[in-house]
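For reference, the structure discussed in these notes is given below.
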Amino acid sequence: MSSAQIEIQLIGLVVAAACALPGVFLVLRGMAMMSDAISHTVLLGIVLGFMVLGDLESPWLIIAAAAMGLITVSLIELLNNTKLVKQDAAIGLVFPALFSLAVILISRFARGVHLDNDAVLLGELAFAPFNRILLFGVSLPHSLVVMGVILLVNIAFIALFYKELKLATFDAGLAMALGFSPALIHYGLMALVSVTAVGAFDAVGSIMVVAFMVAPGAAAYLLTDRLDRMLLYAVLIGAAGTLGGYWMAHWLDANIAGSMSTIIGLLFVLCLLFAPRRGLLAIAARRRRQKWEFAQTMLAIHLLHHEGTAEAGVENRLEHLHDHLRWEPGFARGVVRRAREGGLISQSNGSLLLTAQGRQLAEQNLEG
Amino acid sequence: MEQSLAIQISDLTVAYQEKAVLWDIDLDVPQGILMAIVGPNGAGKTTLLKAALGLLPIAAGQVAIFGKPYKEQRGLVSYVPQRGSVDWDFPTSVLDVVMMGNYGKLGWVRRPGAAERRAAEAALDKVGMSEYAQRQISQLSGGQQQRTFLARALVQDAQIYFMDEPFQGVDATTERAIVELLKELRASGKTVLAVHHDLQTVPEYFDWVTLLNIRRIASGPVDEVFTEDNLRATYGGRVSLLSSAPRKEAA
């Protein structure tokens with residue numbers, strides 16, 4: 001591996017981790033699409049900042065962009081609070097307006113600077129190592145330094161306010177009653193998302209930022225029951241997608257950030273299918289098991305109902321389950337076999353008899 | 001006596017966009033009682049709790065907790081929101097939710113430690129949920145969710161408990177456990193204000209009651225104000241269910 005290759009992968013890893021951390025909270029707060037809005041409108045902040053400062057490298061641009069991110073969030077909430085527009089529509093109205101304003105400003109006043117639309121939308125990770133700065137005498141890619149600082153800020157913010165973020169996300173009412181301002185926490189998180197989006201879009205483009213923020217959190221949500229592990233898994237999934245995507249791009253000779261997002265998306269699909277308890281396959285298996293369990297309970301109740309009555313000899317036979325419970329013969333045989341194996345019923349001369357265990361099951365369910 | 005009033009609400013009006021949901025509420029709650037707040041849907045019961053806790057802006061009036069504004073008395077008040085107000089799929093454990101009751105005392109940034117953990121475990125034990133401490137909250141039944149919320153409120157170790165429908169959708173065992181807990185709280189001098197739906201059980205579970213329907217219809221000891229006339233005034237024509245409540249008490 002050349003040093004440029006290593007640097008590109010390092011930048012990817014730092015971007016993935018920096019995006020995944022606030023992304024977890026966006027996913028849990030049902031605000032995933034806020035990342036889409038912010039990652040686009042920060043461009044307006046950069047353009048306006050550039051027009052004022054005339055310098056594309058100034059750290060003030062990040063502040064301007066973050067401020068625009070917060071303005072985006074407030075505008076969306078303002079529109080939403082009129083109750084005339086739903087939140088998803090408010091997002092869809094605000095960010096294209098601000099983004100298109102940015103695009104107009106670039107094409108009118110900032111033509112020729114490195115703010116072309118392709119770079120904004122897709123980013124170009126392959127060129128990231130060419131833009132270098134000296135830090136303590138070491139020459140490092142500009143993106144790596146910027147994103148490294150942003151990653152540290154994100155880690156510090158989440159470590160410091162972990163309990164506040166958790167409480168405000170789970171139960172905003174209690175947070176407020178206890179004196180933690182949920183609004184302050186909300187805007188703190190949105191500022192984090194904005195700063196991260198600015199840094200990341202320079203490296204991977206504004207569309208990929210959304211994938212890096214939302215998919216790792218959404219995938220990690222399927223894998224665990226604990227918030228701390230969800231944060232860890234989200235970072236690992238983002239990292240795995242980054243490395244996998246880099247080498248896919250290498251082999252296919254394709255856009256690096258696009259390949260990374262693709263692999264992250266594929267990892268999400270894998271989690272969706274195969275997650276131990278929340279995955280689709282696990283859910284299907286659980287449904288199937290519940291179907292058989294429910295049928296066995298129905299059988300036990302049916303047998304209990306007719307037990308010791310005159311018609312028991314007719315009702316409580318395998319071949320009559322079809323008439324009485326409207327079960328297909330194959331299904332009825334399956335239920336009877338499972339119930340017998342589970343010790344719920346016994347069979348003698350074709351009659352089905354409840355065992356003590358079966359009777360208990362039926363009575364429990366009838367009590368409710 | 002002023003200082004024996006746990007909660008004093010005066011002239012409280014709450015409005016959503018110029019439409020009043022609570023009109024000019026006066027309410028004195030003495031210390032050491034269990035008070036039910038009853039009234040029809042849309043009467044403003046939850047709004048009353050939330051406004052008293054500063055969760056909603058109030059249009060007019062004052063709320064005093066032991067004679068001072070709520071903001072200065074947060075540590076004395078514990079809040080049990082409606083079970084349905086949170087996302088039970090949130091990735092966290094029962095113990096962790098109960099520990100949240102400690103966050104107010106900890107303040108910003110400080111993390112809960114061993115002492116907070118012990119307090120949470122003790123509270124879980126009190127509501128009979130010890131064995132569920134490590135359970136993911138989405139795997140709880142409705143009754144267990146409510147017990148978790150009550151444990152969280154106990155951890156706050158408050159003087160006043162605001163509870164929004166603590167009996168809503170819980171099983172009979174949990175209901176009895178909650179009633180026991182309420183009586184224990186009262187025995188140790190705490191004050192409970194609970195939104196309640198089941199009129200039949202008001203005289204059995206509570207000793208004071210407030211009848212609310214946008215306005216305060218009546219408030220006082222159950223045997224004085226929980227009368228058919230007041231219920232009729234609160235619920236209007238929809239009283240078919242109600243006449244049995246006072247009768248039951250007489251029987």
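- The heavy-atom pair separating B:P91 from A:L28 by the smallest distance is CD-CD2, 3.4 Å.
- Of the two parts of A:M230, only the side chain, counted from C-beta on, holds a non-hydrogen atom closer than 4.5 Å to a non-hydrogen atom of chain B.
- Both the backbone and the side chain of A:F170 come within contact range of chain B, judged by heavy atoms closer than 4.5 Å.
- Here B:V86 is the residue among B:V86, B:L53, B:V80, B:I137 with the most heavy-atom pairs under 4.5 Å with chain A.
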Report every donor-acceptor pair between chain A and chain B with a separation under 3.5 Å, backbone and side chains included.
{"from": "A:A159", "atom 1": "O", "to": "B:R111", "atom 2": "NH2", "distance (Å)": "2.9"}
{"from": "A:K163", "atom 1": "NZ", "to": "B:G107", "atom 2": "O", "distance (Å)": "2.4"}
{"from": "A:K163", "atom 1": "NZ", "to": "B:R110", "atom 2": "O", "distance (Å)": "2.9"}
{"from": "A:E164", "atom 1": "OE2", "to": "B:V109", "atom 2": "N", "distance (Å)": "2.7"}
{"from": "A:K166", "atom 1": "NZ", "to": "B:D96", "atom 2": "OD1", "distance (Å)": "3.1"}
{"from": "A:K166", "atom 1": "NZ", "to": "B:D96", "atom 2": "OD2", "distance (Å)": "2.5"}
{"from": "A:D171", "atom 1": "OD2", "to": "B:R152", "atom 2": "NH1", "distance (Å)": "3.2"}
{"from": "A:D171", "atom 1": "OD2", "to": "B:R152", "atom 2": "NH2", "distance (Å)": "2.8"}
{"from": "A:M176", "atom 1": "O", "to": "B:R74", "atom 2": "NH1", "distance (Å)": "3.3"}
{"from": "A:A177", "atom 1": "O", "to": "B:Y70", "atom 2": "OH", "distance (Å)": "2.5"}
{"from": "A:A177", "atom 1": "O", "to": "B:R74", "atom 2": "NH1", "distance (Å)": "3.3"}
{"from": "A:Y221", "atom 1": "OH", "to": "B:D89", "atom 2": "O", "distance (Å)": "3.3"}
{"from": "A:D225", "atom 1": "O", "to": "B:T92", "atom 2": "N", "distance (Å)": "2.9"}
{"from": "A:R226", "atom 1": "NH2", "to": "B:Q134", "atom 2": "O", "distance (Å)": "2.6"}
{"from": "A:L227", "atom 1": "N", "to": "B:P91", "atom 2": "O", "distance (Å)": "3.0"}

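- The choice from B:G107, B:P112, B:G101 that makes the most heavy-atom pairs within less than 4.5 Å of chain A is B:G107.
- Heavy atoms closer than 4.5 Å to chain B are found in the side chain of A:I185, but not in its backbone.
- Heavy atoms closer than 4.5 Å to chain B are found nowhere in A:L231, neither backbone nor side chain.
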